[in-house]
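Okay, so here's the structure we're looking at.
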Amino acid sequence: MHQSLRTNDDVDVIVEKYSKTVYRLAYAQTKNKNDADDVFQEVFLRYIRKKPSFESSEHEKAWFLRVTVNCCKNIWMSRKRGKSEQLDENIAWESEEEIRLDQYLNELPKDYRTVIHLFYYEDLSTAEISRILDRKESTVRVQLTRARRLLRDMMEGEDFSDG
């Protein structure tokens, strides 16, 4: 069945469903509010233009994550990285604890940030992450292990229980 133009209601539902996911991943990847905003807009424009159909909700979510990662890669390749802008706390983070954790995550190498984000924030398995990032599952597992070790070393002595 040929799909006609998406209605505004359809787009609004999808944006509502994936806005937080797409924005957090874009910001985690770019570490820059302006770039994250650009990626966010591009992801949903691609959705509107391509009108993809999905086999399942998992397929739909994977599509949005993969397109977000690809748009971030396009930004990295198209311009030299500049200074990061501090994220407005009320946009994506809800507590001081999340803000402190984000600061540590931003110190990780990009590949480690990506797998940590997809594993913990998007609740994806290593198999799903490997498909989205087009990496071997063993590579994803190694990157998760190394990222956890780096985070543990950076956060040594930090008390997250007091919020």
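Given the structure is predicted, the values throughout are model-derived calculations rather than measurements. Index from 1, following the sequence.
Using the six-membered ring where Trp is involved, Trp63 and Tyr47 have ring planes that are perpendicular, over 60° apart on the 30 and 60° scheme. Note on ring orientation: taking the six-membered ring where Trp is involved, the planes of Phe64 and Tyr18 are parallel (angle under 30°, cut-offs 30° and 60°).
Expressed to the nearest 0.5 Å, how far CD1 of Ile129 lies from CG of Leu144 amounts to 5.5 Å.
Summarising the local packing, NZ of Lys136 is surrounded by 12 or fewer heavy atoms from other residues, nucleotides or ligands at distances under 6.0 Å. The environment of Glu137 atom CD is dense: over 12 non-hydrogen atoms of other residues, nucleotides or ligands sit within 6.0 angstrom.
Under the rule for a side chain to side chain contact (heavy atoms under 4.5 Å, CB included), the partners of Ala28 that lie at least two apart in sequence or sit in another chain are His117. Qualifying side chain to side chain contact (heavy atoms under 4.5 Å, CB included) partners for Ser57, counting only residues two or more places apart in sequence or in other chains: none.
At least one test fails for Arg24 against the ring of Phe40: distance under 6.0 Å to the centre or angle within 45° of the axis.
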Before you tell me yes or no, could you show the steps for Leu65 and Val22 under side chain to side chain contact (heavy atoms under 4.5 Å, CB included), namely the whole-Å CA-CA distance, both residues' side-chain angles and the distance that decides it to 0.1 Å? CA-CA 7 Å; Leu65 294 171; Val22 167; over 6 Å; no
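Between Gln29 and Lys73, every side-chain heavy-atom pair lies at or beyond the 4.5 Å cut-off.
Counting only N and O atoms by type, the side chains of Tyr112 and Arg149 include no donor and acceptor under 3.5 Å apart.
Judged by distance alone, the side chain of Thr139 and the main-chain N or O of Arg135 form no donor-acceptor pair under 3.5 Å. Not a single donor-acceptor pair under 3.5 Å links the side chain of Arg46 to the backbone N or O of Val67.
Residue pairs that meet the salt bridge (Lys or Arg N to Asp or Glu O under 4.0 Å) test with at least one member in residues 120-134, sequence neighbours left out, are Lys61-Glu122.
Tracing side-chain contacts under 4.5 Å through hydrophobic residues (I, L, V, M, F, W, Y), one reaches Leu108 starting from Tyr120; they form part of the same cluster.
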